[in-house]
Visitor: 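Sharing a structure here in structure tokens format.
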Amino acid sequence: MEYQLPIGRLDDVFSGPRAVSADERNALYALIIESMRERFGERLQHLVLYGSTARGEARPYSDIDLWGVIDDEVYGAKFQKPVEWVYGPGKALVYLLSRSAAEALAREVDESWPISRGKFVYSHVVWASPGNENLLARLREVATHPDPDMVERAMARIVSGTLYELIGKLRNRSAPHAMIAGTFAMHLALVTGLAARYPYATFGTVLEEAARLPAPDGAKELYALVIKGDLSDLALVNEVVERAWAGLASWQAGATFTAALGLRVLPSFEPAEEPA
């Protein structure tokens, strides 16, 4: 039997998502599973559902999100490809990786770690080939116990690369203060998520979850202002952001964080000066 996936039209993109019932969404992701099993057989080692559908929180306009692990021999050990399409009323994404690429991704620590690791944590297996039933559990263990030095280097990159620039824009009044405050809050939440080794469940709840983590003075007040959209008081926004920025200097400053930050004040044109 050939399992044909539904495809959309150009007009579907511009009409935007339409309401999809839980039964319709479940039927579609079941069809995706069967289509991938038919295409790859047991070379499809693992297929995992994540996002709002996996958490039981899908709403009428929610996407379908899966990631799949295939044998290295299919497309090579470094293969990674997001297969994303508008199928009509909504959008589906299957992020397809080789086994080696999936293992490398689980070990990787970058600035987006608190958000991107959610696909390992808040997910469940919907298909596993024989002998690979525990693959998600093994990848989750690696993903949720990141290398401490890599974590602190990622924190330093956010502080010096993004938060520093945002403070400058706020002081220059070179961009709307509400936009700066919201962007600053999201990147500060990435720093605090990294420090706590805490993967956020979803992008939409980052600030609510970050407010429960240890953070510099002013951070939780900033999160609350952004969540409420209460950013009209320029003086208050400036004061809270400046207080959170000042608190970073003495907060969670481990040896690797300090060393990585130190590299950011040295002019050097040599390659690979910061450890990977």
Side-chain angles (χ1 to χ4, degrees), residues 29-30 32-58 62-84 92-155 157 189-190 192-206 209-210 213 256 275-276:
Y29 88 70
I32 293 172
I33 294 168
E34 293 308 318
S35 296
M36 293 191 66
R37 288 182 60 186
E38 180 183 57
R39 169 67 181 82
F40 295 107
E42 292 191 4
R43 295 179 301 174
L44 176 65
Q45 298 183 352
H46 229 51
L47 192 59
V48 176
L49 179 70
Y50 70 102
S52 58
T53 304
R55 297 192 306 272
E57 299 171 356
S62 295
D63 299 337
I64 297 172
D65 300 293
L66 300 107
W67 56 272
V69 179
I70 58 174
D71 191 283
D72 284 7
E73 295 182 358
V74 179
Y75 297 122
K78 295 182 179 181
F79 177 78
Q80 296 185 54
K81 181 181 180 182
V83 182
E84 186 174 25
L93 167 67
V94 182
Y95 189 58
L96 197 58
L97 308 94
S98 67
R99 174 67 171 262
S100 293
E103 292 170 346
L105 182 62
R107 293 191 299 271
E108 182 180 273
V109 181
D110 60 11
E111 293 90 325
S112 67
W113 183 94
I115 295 174
S116 61
R117 295 312 91 171
K119 66 168 57 72
F120 292 101
V121 178
Y122 306 102
S123 57
H124 64 258
V125 180
V126 293
W127 160 255
S129 62
N132 290 297
E133 293 84 357
N134 296 319
L135 179 56
L136 175 60
R138 292 197 295 272
L139 294 175
R140 180 181 289 154
E141 177 69 16
V142 173
T144 54
H145 293 83
D147 178 270
D149 289 346
M150 294 175 69
V151 167
E152 294 202 355
R153 286 195 287 269
M155 291 167 58
R157 288 193 294 270
L190 293 178
T192 56
L194 280 160
R197 315 306 193 256
Y198 182 90
Y200 297 120
T202 177
F203 184 83
T205 62
V206 166
E209 294 181 73
L213 301 177
T256 302

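These figures come from a predicted structure and were not determined experimentally.
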Visitor: Looking at Ala58 and Thr53, what are the two nearest heavy atoms and their distance?
Guide: CB-OG1, 3.8 Å
Visitor: With distance as the sole test, does Asp72 use its side chain to make a donor-acceptor pair with the main-chain N or O of Ser100 at under 3.5 Å?
Guide: yes
Visitor: Is Trp127 reaching over with its side chain to a backbone N or O of Leu44, donor-acceptor style, under 3.5 angstrom?
Guide: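 Between the backbone of Leu44 and the side chain of Trp127 there is a qualifying donor-acceptor contact (under 3.5 Å).
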Visitor: With no hydrogens and no angle check, is any side-chain donor or acceptor of Ser98 less than 3.5 Å from a backbone partner on Ala101?
Guide: yes
Visitor: Kindly say whether Gly131 contributes a backbone atom to a donor-acceptor pair with the side chain of Glu133 at under 3.5 angstrom?
Guide: yes
Visitor: Using the salt bridge (Lys or Arg N to Asp or Glu O under 4.0 Å) criterion, which residues pair with Arg43? Sequence neighbours excluded.
Guide: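 Not a single residue meets the salt bridge (Lys or Arg N to Asp or Glu O under 4.0 Å) criterion with Arg43.
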Visitor: Testing the basics here: between Tyr200 and Glu209, what is the closest heavy-atom pair and its distance to 0.1 Å?
Guide: CD2-CB, 3.6 Å
Visitor: Whether the side chain of Arg197 engages the backbone of Ala195 through a donor-acceptor N/O pair (distance < 3.5 Å, no angle test) should be reported.
Guide: yes
Visitor: So, are Glu34 and Arg37 salt-bridged, with charged N and O less than 4.0 Å apart?
Guide: yes
Visitor: Looking at Tyr75 and Ile70, would you say the former's side chain and the latter's main chain have a donor-acceptor pair under 3.5 Å?
Guide: no
Visitor: Output yes when a side-chain donor or acceptor of Arg140 lies under 3.5 Å from a complementary backbone atom of Ser123, and no otherwise.
Guide: yes
Visitor: Which pair of non-hydrogen atoms, one from Asp147 and one from Val109, has the smallest distance, and what is that distance?
Guide: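 Closest approach of Asp147 to Val109: N-CG2, 4.5 Å.
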